[in-house]
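Model, not experiment: these values are computed from the prediction. Residue numbers begin at 1 in each chain, while the letters A, B, ... track the order of the sequences.
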Number of protein chains: 2
Amino acid sequence: MEGKKLITIKEIAKILNVSPSTVSRALKGHPSISGITTERVQKIAKENNFVLNKSAIFFNQKRSYTLGLIVPNLSEPFFSTALNAIEKVASAQNYNIMIGQSHDHVETEMTVLQKFIDHRVDGIIVSISKQHKFFQPYTDLEKLNIPVVFFDCVPEDKYLHYVASNLHTGLLKGINALVAQRHFKIALINGPVNLSATRQRLIGYIKGLNEHHIPVRSDLMKTTDLSPAGNIAAMNSLIELSDPPSAIIVFNDNVLLDCFSLIKSKGLVDQFKFISFANQPDWKYYDHKPFGSIEQFPAEQGKIAAEVLMKLINGELHHLQSDHKYYQFNLDSEIIYLND
Amino acid sequence: MEGKKLITIKEIAKILNVSPSTVSRALKGHPSISGITTERVQKIAKENNFVLNKSAIFFNQKRSYTLGLIVPNLSEPFFSTALNAIEKVASAQNYNIMIGQSHDHVETEMTVLQKFIDHRVDGIIVSISKQHKFFQPYTDLEKLNIPVVFFDCVPEDKYLHYVASNLHTGLLKGINALVAQRHFKIALINGPVNLSATRQRLIGYIKGLNEHHIPVRSDLMKTTDLSPAGNIAAMNSLIELSDPPSAIIVFNDNVLLDCFSLIKSKGLVDQFKFISFANQPDWKYYDHKPFGSIEQFPAEQGKIAAEVLMKLINGELHHLQSDHKYYQFNLDSEIIYLND
DNA sequence: GTGAAAGCGCTAACAT
DNA sequence: ATGTTAGCGCTTTCAC
């Protein structure tokens with residue numbers, strides 16, 4: 001696969017006995033080059049399959065026209081949807097996307113990050129891996145002059161750009177709807193405690209109950225490590241309560257599917273109403289659906305993140321208020337009713 | 001975001017009054033540099049947040065250490081699974097992956113391809129978009145010295161490298177199993193005629209019936225444009241047959257889900273047995289499953305494609321038989337029984 | 001309208 | 001053990 005070398009501007013110049021600069025200009029139709037020369041150059045270029053070595057240009061311009069995207073896992077629809085939106089924005093500005101999956105592994109995430117730095121990506125969009133608290137490496141990027149925008153799962157820090165989803169809005173509406181249907185025993189199956197997503201759900205849950213003057217019962221609050229076994233165990237402990245809930249708010253769709261499996265096998269399907277945070281299924285094809293699903297608009301998040309990043313790269317983000325030098329956007333979530 | 005420029009080897013050299021080559025060597029711990037010099041260099045480097053500009057190195061070496069991956073849509077689990085496998089192989093050799101989704105659009109695919117060429121990716125892995133027959137652009141890559149490996153959806157041409165899945169093996173086993181259960185009226189809901197995937201399914205279907213001396217009935221052969229409406233229409237036309245099938249082979253899981261919707265709404269769920277080509281769901285969470293699912297091993301395909309590509313890039317593919325200069329691999333599919 | 005020269009950051013061959 | 005030189009392919013002043 002080595003062999004044939006691609007022809008360069010210099011070589012074309014030699015062939016035509018003109019200077020490289022002339023060729024360079026002719027190639028891009030610069031007005032100061034005579035029509036005849038331009039034609040001759042372009043003819044030779046075509047004949048020899050000439051392709052501009054953009055890699056040389058990138059190097060020259062100190063721009064790679066590449067965005068790095070780090071997400072836990074692209075097989076989650078949430079992220080592939082976000083990717084689509086990001087790709088769209090990037091393409092429009094002739095940017096390419098380099099991807100790296102962390103698989104929710106901090107070390108992998110750091111390896112990917114290093115590779116992106118090596119490649120001199122012009123900017124990075126990242127949804128940090130769950131369990132990740134230590135984001136020093138990202139703030140260090142400022143020294144390298146690489147802008148970063150976080151989305152979805154964002155670190156709790158004031159000194160960075162991010163786009164996140166505000167879970168409260170959707171969750172509150174969901175709780176309101178449940179209460180309107182006279183559900184007062186509302187449980188929560190939450191995720192691992194060290195996730196900010198978990199904390200947010202918890203806060204929303206408590207706030208929602210408070211608004212309706214429903215006392216918070218600690219026996220109705222469970223957590224799961226997100227493994228199928230963990231999910232089922234959490235659900236099971238709710239079922240076995242002497243005073244079980246009638247409605248349950250679940251960390252996400254994956255967890256919910258396991259809950260469904262359990263209650264189906266126990267013949268308890270109609271016993272509970274569920275609200276879940278959308279991250280996966282196309283519920284249309286399922287027989288059992290949650291009562292409501294809290295949508296976090298991955299496409300919107302991805303789009304905004306990419307747009308902000310592009311502006312950062314292009315140095316167009318002056319219009320920020322001086323007192324919040326960082327672009328921080330909280331998109332409202334929304335509840336979608338799938339059942340009644 | 002402009003401001004600070006990163007320090008370069010030259011600058012470090014100036015600071016320490018040594019030559020750039022010394023710095024370059026010291027930075028990578030070259031043995032011929034004295035311990036003391038090495039230390040001094042590395043100290044300065046650290047203090048100034050020095051980062052090797054790999055982009056310069058890439059340019060120099062004429063290698064970008066980047067693979068381009070073109071697929072229709074990463075939100076299909078089939079492709080994200082393949083991506084995972086490809087990423088693994090690439091990472092191991094310090095390669096990055098640039099992705100481009102064609103969304104089954106030939107023009108988009110060509111745009112992406114051009115960008116990849118611009119970026120001087122070292123190699124490309126592609127699952128061409130459905131409907132794509134015209135792959136001249138890919139064979140042209142040979143002139144640019146960029147190796148390409150196709151996978152999954154491969155053009156029907158002898159002069160290229162590919163990894164594909166041989167549908168026949170799985171399909172035949174599936175038909176055997178159906179016949180063993182005394183299903184003789186086996187229908188086929190196939191995809192758009194211009195897809196090679198469609199042709200392959202058709203061939204397998206006819207071959208399977210022939211082996212069991214089952215006459216091929218043209219009224220049992222339907223096609224869909226893969227839209228939900230098209231899927232439902234195809235299924236419906238089978239239902240309405242005066243002599244309807246008892247088993248149906250379906251183009252893929254997406255189509256099947258629509259078929260299920262229809263027969264559920266008509267109360268005909270137990271009327272038909274289905275065999276589908278796996279591309280989507282985790283059936284574990286569904287109440288209605290197909291009888292069997294033909295697995296095409298995206299991870300395997302991706303892995304092999306990436307390995308072949310890396311070998312091609314590294315010029316290690318001499319061991320090919322001289323008479324098949326192209327690496328062509330047909331992975332057997334397998335049927336997985338989900339129901340009985 | 002065209003050319004000459006310098007430089008982007010780094011490496012490697014060839015000195016010393 | 002370290003320095004010198006040239007060069008990767010292109011662009012961009014600055015001349016002419």
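Note that the first and last nucleotides of DNA chain C, 5' to 3', having any atom under 4.0 angstrom from a heavy atom of chain B are C:dC8 to C:dA13.
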In B/S/- notation (B base, S sugar-phosphate only, - none; protein heavy atoms under 4.0 Å), nucleotides 11-16 of chain D written 5' to 3' is SBB---
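By the side-chain hydrogen bond (donor to acceptor under 3.5 Å, both in side chains) test, B:H103 pairs with no residue at all, sequence neighbours left out. With sequence neighbours excluded, no residue forms a ring-ring contact (aromatic ring centres under 6.0 Å, His included) with B:F116. For A:E39, there are no salt bridge (charged side-chain N to carboxylate O under 4.0 Å, His left out) partners, not counting sequence neighbours. Evaluation of the salt bridge (charged side-chain N to carboxylate O under 4.0 Å, His left out) rule for B:E307 yields B:K303 as partners, not counting sequence neighbours. Shown here are the side chain to side chain contact (heavy atoms under 4.5 Å, CB included) partners of A:T37, two or more places apart in sequence or in another chain: A:T22, A:I33, A:S34, A:V41. Checked against salt bridge (charged side-chain N to carboxylate O under 4.0 Å, His left out), A:K10 has no partners two or more places apart in sequence or in another chain.
In this structure, the helix from C:dG1-D:dC16 to C:dT16-D:dA1 shows an angle of 40° between the axis at its start and the axis at its end, each fitted on 5 base pairs and rounded to 10°.
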Which side-chain N or O atoms in residues 54-62 of chain B pair as donor and acceptor under 3.5 Å with protein atoms at least two apart or in another chain?
from: B:K54; atom 1: NZ; to: A:D118; atom 2: OD2; distance (Å): 3.2
from: B:Q61; atom 1: NE2; to: B:Y65; atom 2: OH; distance (Å): 3.2

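Within residues 32-50 of chain B, the residues that have a heavy atom under 4.0 Å from DNA chain D are, in order of number, B:S32, B:I33, B:S34, B:T37.
Among pairs with a residue in residues 24-33 of chain B, those fulfilling side-chain hydrogen bond (donor to acceptor under 3.5 Å, both in side chains) read B:H30-B:S32, at least two apart in sequence or across chains.
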